[in-house]
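Given the structure is predicted, the values throughout are model-derived calculations rather than measurements.
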Amino acid sequence: MNIYKPCDIRGIAAKELTPELYCRWGRALGARIAPKAKFVVGGDIRASTPGFLAALTEGLCTAGVDVVELGLLPTPMIYYARRRLAAAGCAIVTASHNPPAMNGLKWAIDGKPPTPDEVDSLRQAAESPAAASPKRRLTKPRTLDVTFDYVAWLQLAWVDAMSAHLHVVLDPMHGCWASRVRRYLHAIFPQCLFSTVHDIPDARFAGSAPDCSRPKNLVELAEAVYRERADLGLAFDGDGDRVAFVDDQGVPLTAEEATWVLLQSLGPRLDGERFVYDLKFSERLPESASQLGAEPLAERSGHAFIRTRMQQSGARFGAE
């Protein structure tokens, strides 16, 4: 199986991925930015992540990059740190919503996710004979805790909603948001009540794939929302960059239904703006966006393609 996907890298950790590969990828990524430029790295909580993250960091240091290691964190926090530190790039050791035996790599340079050509370019650089030559470390990594800064940023962003009174059930699926999301959201929305399921970090995700896009994985969350008479249920995938919603009746929303609700919540603010949507969605979404005065733009599936199109078009909102 090819580990190089259209916008990231994914494979079976014990068979297809090695620390040497991560070291080579680190050197290749480091060669794409200016010497001594800042580069942020982190990873999810899979058992294979710490070793792969150390190898990636080693490769970046041999390329002379100023590496800031954030540790094992949800992907959105790593993206935030890249922006906050004005870093030239970031890389995340993760297989996202895939089974625990897998791992991979996501990255961004200058805030832009990789294109298929750039993924192939990284493959070629890692497979070249020069990549196998031992190299001396030119820099030393440093560590940083961005937790408090991240929460403070969210508190400022949502200050107008601090008085919200809701009961929300959270399901981090034993992933990166486990033991974090309840504390963080309570600090941001102090009047809300938060309860949880699957809130213990587990490198094996309790033996299943931490994919919140599959309704069968939302059964316990849905039951908790209905049983506790909560207003809302939220589920996050393994690395915490994908979210799913359960309504107050304990019914999971499809991605299309959730996007429609978000479109309606933006309402007049979308007038004259652009909206990027996944080609797999039905025509209902672009029609709804047009009714709100937005210009709908279709894009192929994949977070990198959606994000790139949003950046290129200056879109206000996008959904995969």
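Both V41 and I9 belong to a common hydrophobic cluster when Ile, Leu, Val, Met, Phe, Trp and Tyr are linked at side-chain heavy-atom distances under 4.5 angstrom. Cluster membership for F194 and L166, using ILVMFWY side-chain heavy atoms within less than 4.5 angstrom, is shared. In this structure, L262 is a member of the same hydrophobic cluster as L292, with clusters built from ILVMFWY side-chain heavy atoms closer than 4.5 Å. By the rule that hydrophobic residues join a cluster once side-chain heavy atoms approach within less than 4.5 Å of another member, V181 and V197 end up as members of separate clusters. In this structure, V243 is a member of the same hydrophobic cluster as Y184, with clusters built from ILVMFWY side-chain heavy atoms closer than 4.5 Å.
In this structure, R274 CZ and S313 OG are separated by 6.0 Å, a value rounded to the nearest 0.5 Å. One distance of note links CZ of R309 with OH of Y277; it measures 9.5 Å at 0.5 Å rounding. Within the model, atoms CD of E118 and CG of L29 stand 10.5 Å from one another, a figure rounded to the nearest 0.5 Å. In this structure, D211 CG and N217 CG are separated by 6.0 Å, a value rounded to the nearest 0.5 Å. To the nearest 0.5 Å, atoms OG (S301) and CZ (F281) are separated by 8.5 Å. Rounding to the nearest 0.5 Å places CG of L156 at 11.0 Å from CD1 of I188.
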Give the C-alpha distance, both sets of side-chain angles, the deciding distance and a yes or no for side chain to side chain donor-acceptor pair (under 3.5 Å) between D237 and S213.
-> CA-CA 8 Å; D237 73 342; S213 70; over 6 Å; no
Mind running salt bridge (Lys or Arg N to Asp or Glu O under 4.0 Å) on R123 and E127 for me, showing each step along the way?
-> CA-CA 6 Å; R123 176 191 63 78; E127 292 175 354; 2.8 Å; yes
Could you walk me through whether D110 and R82 pass the side chain to side chain contact (heavy atoms under 4.5 Å, CB included) check?
-> CA-CA 9 Å; D110 294 327; R82 187 207 65 78; over 6 Å; no
Where do L56 and V93 land on the side chain to side chain contact (heavy atoms under 4.5 Å, CB included) test, with the steps shown first?
-> CA-CA 9 Å; L56 176 71; V93 178; 4.0 Å; yes
What do the steps show when you test H198 against D171 for side chain to side chain donor-acceptor pair (under 3.5 Å), and what is the final call?
-> CA-CA 6 Å; H198 307 138; D171 183 359; 3.0 Å; yes
Begin from the C-alpha positions of D149 and R84 and carry the test salt bridge (Lys or Arg N to Asp or Glu O under 4.0 Å) through to its verdict.
-> CA-CA 9 Å; D149 194 75; R84 182 72 175 84; 3.0 Å; yes
Test side chain to side chain contact (heavy atoms under 4.5 Å, CB included) on L285 and W260 and set out the steps.
-> CA-CA 6 Å; L285 287 182; W260 187 88; 3.9 Å; yes
Verify side chain to side chain contact (heavy atoms under 4.5 Å, CB included) between L234 and V169, making sure each step is shown before the conclusion.
-> CA-CA 6 Å; L234 297 175; V169 184; over 6 Å; no
Check the pair R10, D8 against salt bridge (Lys or Arg N to Asp or Glu O under 4.0 Å), reporting the backbone distance first and the verdict last.
-> CA-CA 7 Å; R10 273 170 284 136; D8 58 20; 3.2 Å; yes
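The two residues C7 and A304 have their closest heavy-atom pair at CB-CB, 3.2 Å. Nearest heavy-atom pair across A203 and A47 is CB-N, 3.6 Å. Summarising the geometry of A37 relative to V65, their closest heavy-atom pair is O-CG1, 3.3 Å, with the distance given to 0.1 Å. Shortest non-hydrogen contact noted between L73 and C176 is O-SG, 3.6 Å. Smallest separation of non-hydrogen atoms from P252 and E257: O-OE1, 4.2 Å. The minimum heavy-atom distance linking S128 with A125 is given by the pair OG-O, 3.0 Å.
Among the candidates I78, T143, D145, I92, the single residue satisfying the side-chain contact (heavy atoms from CB on, under 4.5 Å) test with L70 is I78. The only option from H97, R46, K106 that meets the side-chain hydrogen bond (donor to acceptor under 3.5 Å, both in side chains) definition with D239 turns out to be K106. Put simply, the residue from L17, I3, N98, L53 that forms a side-chain contact (heavy atoms from CB on, under 4.5 Å) with N103 is L17.
Using a distance-only test at 3.5 Å, with no hydrogens or angles considered, no donor-acceptor pair links the side chain of S121 to the main chain of D117. Looking only at distances, a side-chain donor or acceptor of K5 sits under 3.5 Å from a matching main-chain atom of N2. A donor-acceptor pair is defined here as one N or O able to donate and one able to accept, closer than 3.5 Å; no such pair exists between the side chain of R242 and the backbone of G238. A donor-acceptor contact shorter than 3.5 Å is absent between the side chain of T308 and the backbone of F305. A donor-acceptor pair is defined here as one N or O able to donate and one able to accept, closer than 3.5 Å; no such pair exists between the side chain of W177 and the backbone of P172. Within the 3.5 Å criterion, the main-chain N or O of G302 finds a donor-acceptor partner in the side chain of E320. For the pair T75 (side chain) and D241 (backbone), a donor-acceptor distance under 3.5 Å is absent. T196 contributes no side-chain N or O that, together with a main-chain N or O of D199, makes up a donor-acceptor pair within less than 3.5 Å. In terms of modelled atom types and a separation under 3.5 Å, the side chain of Y22 and the main chain of G104 share a donor-acceptor contact. Under the 3.5 Å distance criterion, the side-chain polar atoms of R229 are left unmatched by any main-chain donor or acceptor of V225.
Within a 6.0 Å sphere centred on CZ of R214, heavy atoms belonging to other residues, nucleotides or ligands number 12 at most. At most 12 heavy atoms of other shown residues, nucleotides or ligands fall within 6.0 angstrom of atom CD1 in I200. At most 12 non-hydrogen atoms from other residues, nucleotides or ligands lie less than 6.0 angstrom from CZ of R204.
Side chains of S208 and P99 form no contact here, defined as non-hydrogen atoms less than 4.5 Å apart. Counting only heavy atoms from C-beta outward, the side chains of L263 and F317 approach each other to under 4.5 Å. Residues E256 and S282 have side chains in contact (heavy-atom distance under 4.5 Å, counting atoms from C-beta outward). Residues W107 and L122 form a side-chain contact, since some pair of their non-hydrogen atoms from C-beta on lies under 4.5 Å apart. Taking the side chain as every heavy atom from C-beta outward, E295 and F275 never approach each other to under 4.5 Å. Two residues are said to be in side-chain contact when any heavy atoms from C-beta on lie closer than 4.5 Å; Y226 and D247 fail this criterion. Contact of the R180 side chain with the T147 side chain is registered, since non-hydrogen atoms from C-beta on lie closer than 4.5 Å. Side-chain contact between E58 and P141 is absent, with no heavy atoms from C-beta onward closer than 4.5 Å.
Ion pairing of D66 with R142 is present here, as a side-chain N (NZ or NE/NH1/NH2) and a carboxylate O approach within less than 4.0 Å.
In this structure, R307 forms a cation-pi arrangement with Y79, its terminal cationic atom sitting closer than 6.0 Å to the ring centre and no more than 45° off the ring axis.
Between Y150 and W153, the two ring planes are tilted [angle within 30° to 60°].
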